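This report concerns only the one structure given below.
The structure displayed is predicted, hence computed values, not measured ones. The chains referred to below are lettered A, B, ... by the order of the sequence lines, with proteins before strands, and numbering in each begins at 1.
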Amino acid sequence: MANPIQPVKGTTDYYPEEMALRAWLYGQMRQVSEAFGYQEYEGPMLERLDLYAAKSGEELVEKQSYVFEDRGGERITLRPELTPTLARMVAARQRQMALPLRWWSFGPFWRYERPQKGRTREFFQWNIDLIGDDSPEADAELAAIAATFLKNVGFSPNETQILVNNRALMQDELLNLGIAKGDLAAVYGLIDRRDKMTADKWRDYGEELGLDAPQLEGVTALMKNQDLWKNSAVLPRFFEAVDSFGVSDYVRFAPNIIRGLDYYTGTVFEAWDTAGDFRAIFGGGRYDDLVNAVGGDPVPAVGFAVGNVVLSLLLEALGHRPDFSASPAPVYVTVFDGDSLLPALKLAAELRAAGLKVTSHLDPNDKLGKQFTHADRLGAKVVLILGPDELKNGEVAIKHLASGDQRSLPRSEVAERVSKLLVHGESK
RNA sequence: GUGGAUGUAGCUCAAUUGGCAGAGCGCUGCACUGUGACUGCAGUUGUUGCGGGUUCAAGUCCCGUCAUCCACCCCA
């Protein structure tokens with residue numbers, strides 16, 4: 001091919017097979033969301049840069065957002081995440097809506113960063129949030145939704161785990177170690193990076209942040225303390241509720257989970273593949289200050305976001321990707337010659353009217369063999385032939401590809417016979 | 001933004017110290033002019049990412065560039 005125009009870096013072309021996976025994921029997300037009583041919504045893809053300036057975190061806003069000036073001079077960004085949009089939408093109508101709100105969404109997002117495994121510049125996210133309830137049970141409901149989703153798409157508790165921590169808990173524990181309140185964000189970063197560097201390097205990094213040896217020991221001890229959640233005001237209730245939701249095998253405490261975004265205030269969680277071969281599948285948590293930050297009255301909220309990229313890679317890697325090779329239409333109507341083209345189109349129309357999915361071959365110059373090859377490659381189950389003999393007798397030849405079984409039936413019986421073949425396969 | 005690797009047929013890849021660009025799959029045709037999937041036979045597939053340099057000779061060495069992948073940063 002001569003100089004094809006390159007796609008934009010980091011974008012994904014969804015050919016039908018990939019589109020089928022994305023659509024399937026969307027369907028799974030819808031199913032779980034609706035099972036828990038959540039309503040679908042959508043915000044604009046374009047937002048003012050100011051919306052993110054307050055709370056999203058410097059890196060995300062300054063370096064990873066697509067920003068441009070529109071013709072009116074407004075600084076516009078392609079949305080890098082949905083939560084601030086959600087907060088804005090809630091703030092705009094919070095007096096007229098009955099809290100709590102249970103909302104979900106699935107749509108495209110953009111972040112300007114170097115593409116790599118599990119990270120693209122354009123991607124899709126499922127966002128689901130519970131707004132207006134500050135209880136640990138609300139946190140647990142979101143964890144239960146996440147766990148149910150993992151289960152429904154085929155991941156076992158051995159393959160994926162939802163790791164939970166609480167920022168308020170960690171803040172208290174860190175303050176007890178004598179760490180200054182102003183250093184908390186940096187220490188969160190330190191905790192977040194423990195898995196990414198060697199023990200020595202991590203220690204050096206901690207010293208650079210100004211922690212002394214006892215404090216580093218203390219932080220290390222916190223991160224190993226699997227019983228730390230008992231010190232939390234909310235996590236014991238959270239885990240009790242998770243147990244009642246029936247998903248405790250997917251959810252466990254992890255004191256090293258802290259999350260990067262600035263707006264999280266309480267319980268935070270991430271889902272990981274237990275083998276550790278991929279990035280986090282999703283992340284979320286409680287953000288009780290955000291609606292207030294974008295101009296509304298304070299409303300507590302909790303939610304999480306799932307990207308389609310890591311999820312798709314992990315489904316593939318663990319063999320849970322469904323087979324989407326099924327035919328676009330299970331019935332294929334061949335065309336014998338120029339004279340039978342219009343009757344063949346009419347036959348296909350009759351079958352569609354009877355509720356079948358039917359592909360018509362349109363070129364009467366193609367040999368039957370070629371048409372069969374094409375039908376087979378598309379994954380058609382049944383091929384129909386309307387040749388001179390059939391036309392003369394008012395019949396249609398019906399061939400079931402898997403068995404090779406073929407017979408001719410009166411035209412009036414074709415729809416019923418084909419329907420039966422599609423349901424029962426080879427049975428007569 | 002930083003660092004590393006890789007670009008050869010539609011796809012997956014091979015090509016010895018620089019020495020005739022290949023294989024499998026696919027695709028086309030025939031056996032089988034009213035029938036796919038299976039089998040056999042025959043055929044087909046190239047700006048070696050792009051541009052320059054070294055050399056008698058470059059897929060191979062050197063420089064530049066573009067693209068992709070991987071890691072860091074950050075994060076879904």
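- A donor-acceptor distance shorter than 3.5 angstrom exists from the side chain of A:Thr77 to the backbone of A:Tyr66, with no hydrogens or angles considered.
- When the C1' atom is used for both B:rG7 and B:rU48, the distance is 9 Å, rounded to whole Å.
- Across all strands shown, A:Ala305 has heavy atoms under 4.0 Å from sugar-phosphate atoms exclusively, and none from any base.
- Taking atom NZ of A:Lys201 as the reference point, atom C1' of B:rA71 lies 13 Å away to the nearest angstrom.
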List the atom pairs, with distances to 0.1 Å, where a side-chain N or O of residues 15-25 of chain A and a protein N or O form a donor-acceptor pair under 3.5 Å, not counting sequence neighbours.
| unit_1 | atom_1 | unit_2 | atom_2 | d |
| --- | --- | --- | --- | --- |
| A:Glu18 | OE1 | A:Tyr15 | N | 3.1 |

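- Using C1' as the reference atom, B:rG1 and B:rC73 are 8 Å apart when rounded to the nearest Å.
- Other residues, nucleotides and ligands contribute at most 12 non-hydrogen atoms within 6.0 Å of the CD atom of A:Glu416.
- The aromatic ring centroids of A:Trp103 and A:Tyr41 lie less than 6.0 Å from each other.
- For B:rA76, the base has a donor-acceptor partner in the side chain of A:Arg111 [N/O atoms by modelled type, under 3.5 angstrom].
- In this structure a side-chain-to-backbone donor-acceptor pair under 3.5 Å is present from A:Arg167 to A:Ile258.
- Computed from coordinates, the A:Tyr263 OH to B:rC75 P distance equals 10 Å when rounded to whole Å.
- Spacing between B:rA14 and B:rG46 at atom C1', rounded to whole Å, works out to 15 Å.
- Spacing between atom CH2 of A:Trp202 and atom C1' of B:rC72 amounts to 19 Å, rounded to whole angstrom units.
- Separation of the C1' atoms belonging to B:rG18 and B:rA9 is 23 Å when rounded to the nearest angstrom.
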(request) At under 4.0 Å between heavy atoms, which parts of nucleotides 29-41 of chain B does protein reach? Answer with one letter per nucleotide, 5' to 3': B base, S sugar-phosphate only, - none. (result) -S---BBBS----
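- Taking only distance into account, the side chain of A:Glu270 never meets the base of B:rA76 through a donor-acceptor pair shorter than 3.5 Å.
- A close approach under 4.0 Å does not occur between any side-chain nitrogen or oxygen of A:Gln116 and OP1 or OP2 of B:rC69.
- Residue A:Arg114 has no polar side-chain atom (N or O) positioned under 4.0 Å from OP1 or OP2 of B:rC69.
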(message) Give the dot-bracket line for RNA chain B from 5' end to 3' end: parentheses for intra-strand Watson-Crick or G-U pairs under 3.5 Å, square brackets for crossings, | for inter-strand pairing, dots for unpaired.
(response) (((((((..((((.....[..))))((((((.......))))))....(((((..]....))))))))))))....
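- Of the possible polar contacts, one joining the A:Glu159 side chain to the A:Ser156 backbone as a donor-acceptor pair under 3.5 Å is found.
- Along RNA chain B, the nucleotide closest to A:Tyr264 and the one closest to A:Tyr112 are compared, and the more 5′ of them pairs with A:Tyr112.
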Check: protein-nucleotides 64-68 of chain B nitrogen or oxygen pairs below 3.5 Å:
| unit_1 | atom_1 | unit_2 | atom_2 | d |
| --- | --- | --- | --- | --- |
| B:rU68 | OP2 | A:Lys9 | NZ | 2.9 |

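- Across the C1' atoms, B:rC11 and B:rU45 are found 12 Å apart, a figure rounded to whole Å.
- Scored by the ring-ring contact (aromatic ring centres under 6.0 Å, His included) test, A:Phe124 finds A:Tyr14, A:Phe106 as partners (sequence neighbours excluded).
- Surrounding OH of A:Tyr112 are at most 12 heavy atoms belonging to other residues, nucleotides or ligands under 6.0 Å away.
- Here, B:rU16 and B:rG59 have their P atoms 12 Å apart, quoted to the whole Å.
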(request) Dump the intermediate steps for side-chain hydrogen bond (donor to acceptor under 3.5 Å, both in side chains) on A:Thr160 and A:Asp273, then the final yes or no. (result) CA-CA 4 Å; A:Thr160 55; A:Asp273 65 304; over 6 Å; no
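- Rounded to the nearest Å, the gap between the C1' atom of B:rU6 and that of B:rU60 is 15 Å.
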Residues 386-395 of chain A, side-chain donor-acceptor partners within the protein, below 3.5 Å, at least two apart:
| unit_1 | atom_1 | unit_2 | atom_2 | d |
| --- | --- | --- | --- | --- |
| A:Glu390 | OE1 | A:Gly387 | N | 3.0 |
| A:Asn393 | ND2 | A:Asp389 | O | 3.2 |

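- Contact annotation for A:Thr83: no contact, since no heavy-atom pair falls under 4.0 Å across all strands.
- A:Phe282 comes within 4.0 angstrom of the backbone, heavy atoms only, and of no base.
- Nearest approach of A:Ile257 to A:Glu270, heavy atoms of both residues: CD1-OE1, 3.3 Å.
- The pair A:Asp405-A:Arg417 meets the salt-bridge criterion, with a side-chain N (NZ, NE, NH1 or NH2) lying under 4.0 Å from an Asp/Glu carboxylate O.
- Nucleotides B:rU44 and B:rC25 place their C1' atoms 14 Å apart, quoted to the nearest Å.
- A distance-only check finds no donor-acceptor pair linking the side chain of A:Trp126 to the backbone of A:Phe304 [under 3.5 Å].
- For the pair A:Phe278 CZ and B:rC70 P, the interatomic distance rounds to 10 Å; values are reported in whole Å.
- Rounded to a whole Å, the CG atom of A:Asp277 is 13 Å from the P atom of B:rC70.
- Summarising the geometry, the separation between NZ on A:Lys117 and P on B:rC69 is reported as 13 Å, rounded to the nearest angstrom.
- The CE-C1' distance, from A:Met29 to B:rA76, rounds to 10 Å in whole Å.
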